[in-house]
*Asks:* 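Let me give you the structure first, and then I'll get to my questions.
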Amino acid sequence: MGATLKYTVLRLGLFVLCLAALSALGARGWLALAVAAVLSVLLSLVLLRRQREEMAARLQQRVEGRLQPGQPGATSARAKARFEKSRFARGVESDNAAEDDPR
């Protein structure tokens, strides 16, 4: 199972467990859904830290692989050239230059 799918399934499982617990306590309707959503987010921050970090690392590897030619998942030279010429890429370069300026 991929890291992203695993994390998503565990997050949904936490939500369902919170909703079931709130239903057992007598909460109903939109309030139960909202409280279950908030509780599941808070619990996932604590309980699913390892899975979240694993997912983030895998996503970062995929992105880096697409930006560096010759690695698995790398995009074509044409796509890389298009990215380098984009307005976004020029903005990133501008920001990097401003951060490196010793003023």
Side-chain angles (χ1 to χ4, degrees):
M1 182 182 298
T4 303
L5 181 60
K6 182 179 178 182
Y7 179 70
T8 302
V9 167
L10 289 172
R11 284 281 312 264
L12 286 172
L14 274 176
F15 173 75
V16 169
L17 285 174
C18 289
L19 189 59
L22 288 171
S23 293
L25 293 174
R28 301 276 184 253
W30 291 104
L31 180 62
L33 288 173
V35 172
V38 170
L39 283 175
S40 67
V41 167
L42 295 175
L43 287 172
S44 72
L45 288 174
V46 176
L47 300 175
L48 301 179
R49 179 179 175 202
R50 185 179 40 158
Q51 290 83 0
R52 185 175 56 254
E53 289 174 354
E54 179 184 348
M55 179 185 67
R58 296 262 174 101
L59 288 172
Q60 183 177 3
Q61 288 172 352
R62 278 186 74 185
V63 169
E64 287 174 355
R66 287 182 179 178
L67 295 178
Q68 298 173 2
Q71 291 190 1
T75 57
S76 67
R78 181 176 159 197
K80 185 178 179 194
R82 188 173 54 223
F83 172 78
E84 289 174 349
K85 294 177 185 176
S86 71
R87 189 172 74 188
F88 174 75
R90 289 191 305 268
V92 169
E93 289 173 2
S94 169
D95 285 349
N96 288 339
E99 289 176 1
D100 293 339
D101 192 13
R103 286 192 256 167

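Given the structure is predicted, the values throughout are model-derived calculations rather than measurements.
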*Asks:* Taking the side chain as C-beta and beyond, is there a heavy-atom pair between L42 and V46 under 4.5 Å?
*Replies:* no
*Asks:* For S40, which of V16, L14, L19 qualifies under side-chain contact (heavy atoms from CB on, under 4.5 Å)?
*Replies:* L14
*Asks:* Among all residues two or more places apart in sequence or in another chain, which pass the salt bridge (charged side-chain N to carboxylate O under 4.0 Å, His left out) test with R50?
*Replies:* none
*Asks:* Out of curiosity, does L10 fall in the hydrophobic cluster containing L59 (side-chain heavy atoms, cut-off under 4.5 Å, transitive links)?
*Replies:* yes
*Asks:* Measuring from atom CG of L12 to atom CG of L17, what distance do you get when rounded to the nearest 0.5 angstrom?
*Replies:* 11.0 Å
*Asks:* Would you give the length of the straight line joining atom OG1 of T4 to atom CD of E54, rounded to the nearest 0.5 angstrom?
*Replies:* 9.0 Å
*Asks:* Do R11 and L48 come within less than 4.5 Å of each other through their side chains, counting heavy atoms only?
*Replies:* yes
*Asks:* Roughly how far apart are L33 CG and F15 CZ, rounded to 0.5 Å?
*Replies:* 5.0 Å
*Asks:* Going by the rule salt bridge (charged side-chain N to carboxylate O under 4.0 Å, His left out), which residues pair with R52 if we only count those two or more places apart in sequence or in a different chain?
*Replies:* none
